[in-house]
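Below is one structure, written out as structure tokens; the observations come after it.
Small disclaimer: the values here were computed from a predicted structure and weren't measured.
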Amino acid sequence: MSKSIVRQDGGGLVPMRFGDDLHFPRIDRYKGARENMDVINILSLDVMGAFVHWDDDVKYFYCFNGQCCEDCGPAIVRRIIPIVQYSLVGDGQYGAPLSVKYLSAPKDLYDNLILKQTILQKKHGPKITISQVDLFVTCTDTDYQKLNFEIADKCLWRQSKEQVEEVKGLYEEYKSLIESSVARKVTPEKYIEIKEMASNQVKPFVKGATWGATPVMKPAPVMKPAPALKPAMKQQTPALASPVIEETSDATDDWDNMVEQPEDITPESDLEMEASLSSEEDDDLPF
């Protein structure tokens, strides 16, 4: 059977068997749930006051009355009240096992508890206190912990010697952990160090994603190869035109239509043609 191992003071390795879990020693804060009813008892009238801040990087921490107030505004004031929470064991029934927790009470909730005690003292005398009765707790807003208290009956666990010893042992174990469970203690130097470390962390932004989400890396675009360069055309010197146009295989079929054909000249007589040729030949003689 696995069990939960609490870290001991002094640090170092903690012996544990495979399957066991390890957790930091702390006392849980009581939190109500909407539409649920719990039964608690105020364990001790030794209330502790707390001035705390909230910061996204530091989380809850105790006010040191300095830079923290300039960055976070006025400190949040809470009254820390040790309580015992019963387990609901049936329809309207409650009892063991018991758990020791703390109640973080703002002013309005704290004033409501004081009012409950005033009503008790008016009915049963000034010696009775609110720690001597059990309280029904209902919650109307889970996020803001809007709690309502109603007196149930005389405290149940205080009537059993065994449960008194059990609660006493639990409270002695967890009492010293209340301070570290409510908030963390930081010095002004440590506060500045945490803020500087957080500011140096670059948070990637992805469109459509929320802060803290793992950025989706887009694949690198596939580069297309550049087109191969064609070899430069060699400039050819055009050949001199020949006075004689020779018909080649590249000649078009319309060549004859493109060249104006001379009209047919029919000489009147062979003699006239011979005379004409003879005259032209004489004119062309070089000497």
Side-chain angles (χ1 to χ4, degrees), residues 26-54 59-63 72-160 163-164 166-168 170-171 173-175 177-183:
R26 59 179 291 117
I27 181 173
D28 293 329
R29 172 189 173 188
Y30 171 79
K31 291 185 179 181
R34 190 174 181 180
E35 300 180 355
N36 287 352
M37 185 187 71
D38 295 320
V39 184
I40 68 170
N41 169 255
I42 293 180
L43 175 56
S44 173
L45 296 178
D46 294 330
V47 179
M48 294 161 280
F51 296 87
V52 298
H53 289 293
W54 166 263
K59 309 309 178 187
Y60 279 113
F61 67 101
Y62 290 105
C63 173
C72 307
I76 303 169
V77 182
R78 289 293 182 265
R79 293 85 181 165
I80 309 302
I81 307 171
I83 67 167
V84 173
Q85 182 176 1
Y86 294 93
S87 297
L88 302 179
V89 296
D91 186 15
Q93 302 296 316
Y94 57 92
L98 308 173
S99 56
V100 174
K101 299 182 179 181
Y102 72 89
L103 177 65
S104 178
K107 179 175 175 53
D108 57 345
L109 192 149
Y110 187 61
D111 290 343
N112 184 264
L113 289 173
I114 294 176
L115 179 61
K116 298 298 181 186
Q117 178 168 272
T118 303
I119 295 174
L120 281 172
Q121 291 174 345
K122 286 184 178 181
K123 287 184 177 181
H124 305 284
K127 292 185 179 181
I128 191 170
T129 65
I130 196 171
S131 64
Q132 295 174 272
V133 297
D134 293 328
L135 300 170
F136 291 127
V137 187
T138 56
C139 178
T140 57
D141 191 322
T142 304
D143 295 334
Y144 292 93
Q145 286 296 288
K146 299 297 183 180
L147 305 178
N148 296 319
F149 301 96
E150 294 297 336
I151 297 174
D153 204 343
K154 189 176 180 180
C155 179
L156 183 62
W157 68 268
R158 297 181 190 271
Q159 302 177 42
S160 169
Q163 290 185 348
V164 169
E166 177 188 356
V167 171
K168 181 180 178 181
L170 290 173
Y171 187 51
E173 178 183 354
Y174 290 111
K175 183 178 180 180
L177 303 175
I178 294 178
E179 183 179 53
S180 60
S181 300
V182 172

ask   = Do side-chain atoms of Q132 reach the backbone of C155 as a donor and acceptor pair under 3.5 angstrom?
value = no

key: Short side-chain to backbone donor-acceptor contact, Y171 and V84, under 3.5 Å   = no

request  = State whether the side chain of K116 and the backbone N or O of F149 hold a donor-acceptor pair below 3.5 Å, judged by distance alone.
outcome  = yes

request  = State, to 0.1 Å, how close P97 and S87 come at their nearest heavy-atom pair, and which atoms those are.
outcome  = O-OG, 2.7 Å

inquiry  = On a heavy-atom basis, which atom in C139 and which in L147 lie closest, and how many Å separate them?
reply    = CB-CD2, 3.8 Å

request  = Using the side chain to side chain contact (heavy atoms under 4.5 Å, CB included) rule, take I130 and I151 through it: C-alpha gap first, then chi angles, then the decisive distance, then the call.
outcome  = CA-CA 9 Å; I130 196 171; I151 297 174; over 6 Å; no

ask   = How long is the gap from OG1 on T140 to CD on Q145, to the nearest 0.5 Å?
value = 9.5 Å

remark   = Smallest heavy-atom separation, L120 atom then I128 atom, equals O-CG2, 3.7 Å

ask   = Rounded to the nearest 0.5 Å, how far does CG of L109 lie from CZ of R79?
value = 10.0 Å

ask   = In Å and rounded to the nearest 0.5 Å, what is the CG to NZ distance from L170 to K101?
value = 12.5 Å

message = Using modelled atom types and a 3.5 Å cut-off, is there a donor and acceptor pairing between side-chain atoms of S181 and backbone atoms of I27?
response = yes

task = Please name the pair of heavy atoms, one in W54 and one in Y60, separated by the smallest distance, quoted to 0.1 Å.
result = CE3-N, 3.5 Å

request  = Go through W157 and L43 one step at a time and tell me if the side chain to side chain contact (heavy atoms under 4.5 Å, CB included) criterion holds.
outcome  = CA-CA 10 Å; W157 68 268; L43 175 56; 3.8 Å; yes

message = Donor-acceptor pair, distance only, cut-off 3.5 Å: does the side chain of N148 make one with the backbone of V137?
response = no

ask   = Hey, is the main chain of L113 close enough, under 3.5 Å, to the side chain of Q117 for a donor-acceptor pair?
value = no

ask   = R158 side chain to S131 main-chain N or O, any donor-acceptor pair under 3.5 Å?
value = yes

task = In sequence, state the C-alpha distance, the side-chain angles, and the governing distance for F51 and I76, and then conclude on side chain to side chain contact (heavy atoms under 4.5 Å, CB included).
result = CA-CA 5 Å; F51 296 87; I76 303 169; over 6 Å; no

inquiry  = With a sphere of 6.0 Å drawn around CD of E35, does it hold more than 12 non-hydrogen atoms of other residues, nucleotides or ligands?
reply    = no

request  = For the residue pair H53 and F61, categorise the inter-ring angle as parallel (less than 30°), tilted (30 to 60°) or perpendicular (more than 60°).
outcome  = tilted

ask   = To the nearest 0.5 Å, what is the distance between NE2 (H124) and NZ (K154)?
value = 11.0 Å

Distance (rounded to the nearest 0.5 Å) between T118 OG1 and K123 NZ = 12.5 Å

task = For residues R78 and V182, determine if any side-chain heavy atom of one lies less than 4.5 Å from a side-chain heavy atom of the other.
result = no

query = Quick check: are there more than 12 heavy atoms from other residues, nucleotides or ligands sitting under 6.0 Å from CZ of R34?
reply = no

inquiry  = Restricting to non-hydrogen atoms, name the atom on P82 and the atom on M48 that form the minimum distance, rounded to 0.1 Å.
reply    = CG-CE, 4.2 Å

request  = Please name the pair of heavy atoms, one in E179 and one in Y62, separated by the smallest distance, quoted to 0.1 Å.
outcome  = O-OH, 2.6 Å

inquiry  = Closer than 3.5 angstrom, by distance alone: can the side chain of S160 be matched with the main-chain N or O of L156 as a donor-acceptor pair?
reply    = no

note = Output for pair (K31 NZ, D38 CG), nearest 0.5 Å, gives 13.5 Å

inquiry  = Strictly distance-based, threshold 3.5 Å: is any side-chain N or O of Y174 a donor or acceptor partner for the main-chain N or O of Y102?
reply    = no

ask   = Counting only N and O atoms by type, is there a donor-acceptor contact under 3.5 Å from the side chain of D134 to the main-chain atoms of V39?
value = no

